[in-house]
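These notes concern the structure reproduced below.
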Amino acid sequence: MTRTRPSAWPPLLTAIALEVTATLSLRAAEGFRHPLWLIAVVIGYSGSLWLLSVVLDRGMPVGVAYGIWSAIGVVLTAVMGAVLFGELLGAVQIVGIAVIVVGVLLVELGSRAGHTKEATS
């Protein structure tokens, strides 16, 4: 009897949330002027990397997992930086975010197509 692995998506989404939180906390720390934010930085990055290892252990290919993790992290960090810190997003940056989103979708679709092909072989 083969055991099915738990889904890699919940820990991946949580890893992304922790990474974005850590990066935004790094910005909020303003160097070392607000050092308490650095606690969130360390916890966020450590937890994010640990969860990324869980994702890989659950069978998601490293290129897919890292691509989704980093790309969604970039998009969310840019948008939240604009919302929380008033950082401007110009037209070129918005186009870049759209390209990243399309790229993540293509990587995920390619990964699913590869799994379907392997299953039928």
Side-chain angles (χ1 to χ4, degrees):
M1 175 189 260
T2 59
R3 259 175 56 181
T4 58
R5 291 183 189 178
S7 174
W9 283 99
L12 179 59
L13 296 175
T14 305
I16 292 166
L18 285 173
E19 189 270 334
V20 170
T21 299
T23 303
L24 294 171
S25 297
L26 191 60
R27 172 69 165 84
E30 296 180 357
F32 284 96
R33 287 190 289 277
H34 304 285
L36 286 178
W37 283 106
L38 297 173
I39 295 168
V41 172
V42 171
I43 292 170
Y45 284 137
S46 299
S48 181
L49 291 173
W50 174 73
L51 285 168
L52 190 56
S53 74
V54 170
V55 169
L56 299 177
D57 189 51
R58 291 187 179 183
M60 187 176 283
V62 68
V64 173
Y66 184 73
I68 292 170
W69 178 76
S70 61
I72 293 176
V74 167
V75 170
L76 289 176
T77 301
V79 170
M80 293 307 296
V83 170
L84 296 173
F85 302 113
E87 297 173 349
L88 298 177
L89 288 175
V92 173
Q93 291 163 309
I94 291 170
V95 169
I97 287 170
V99 168
I100 290 170
V101 169
V102 169
V104 167
L105 291 173
L106 290 173
V107 167
E108 175 57 22
L109 289 172
S111 171
R112 288 177 188 247
H115 280 256
T116 304
K117 190 175 184 179
E118 287 175 10
T120 59
S121 298

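As the structure is a computational prediction, the values presented were derived from the model and not from experiment.
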*After noting the C-alpha distance and the side-chain angles of I43 and T21, does the key distance pass the side-chain contact (heavy atoms from CB on, under 4.5 Å) rule?*
CA-CA 10 Å; I43 292 170; T21 299; over 6 Å; no
*Passing candidate, side-chain contact (heavy atoms from CB on, under 4.5 Å) with W69, options V55, V74, L49*: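 So the option named by the test is L49.
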Nearest heavy atoms of [X] and [Y], plus distance in Å:
X: H34; Y: A28; value: CD2-O, 3.7 Å
X: L88; Y: Q93; value: O-OE1, 3.5 Å
X: S7; Y: P11; value: O-CD, 3.7 Å
X: A65; Y: L12; value: O-CD1, 4.0 Å
X: D57; Y: R5; value: O-NH1, 3.5 Å
X: S48; Y: E19; value: OG-CB, 3.4 Å

Shared ILVMFWY cluster between [X] and [Y], side chains joined below 4.5 angstrom?
X: L105; Y: V75; answer: yes
X: V41; Y: L18; answer: no
X: L52; Y: W9; answer: yes
X: I100; Y: L89; answer: yes
X: F85; Y: V20; answer: yes

_I39 side chain reached by L36 side chain, heavy atoms, under 4.5 Å_ =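 L36 vs I39: side chains touch.
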_Rounded distance [0.5 Å steps], OG1 in T14 versus CG in L51_ =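 Atom-to-atom, T14:OG1 and L51:CG are 6.0 Å apart.
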*Straight-line distance of M80 CE to R27 CZ, nearest 0.5 Å*: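 With rounding to 0.5 Å, CE (M80) is 13.0 Å from CZ (R27).
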*Taking atom CZ of F32 as the centre, report whether more than 12 heavy atoms of other residues, nucleotides or ligands fall under 6.0 Å from it.*
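Atom CZ in F32 is not packed in, count stays at 12 or less.
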_Looking at Y45, I'd like to know if its OH atom is crowded, meaning that more than 12 non-hydrogen atoms belonging to other residues, nucleotides or ligands lie closer than 6.0 Å._
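Correct, the count exceeds 12.
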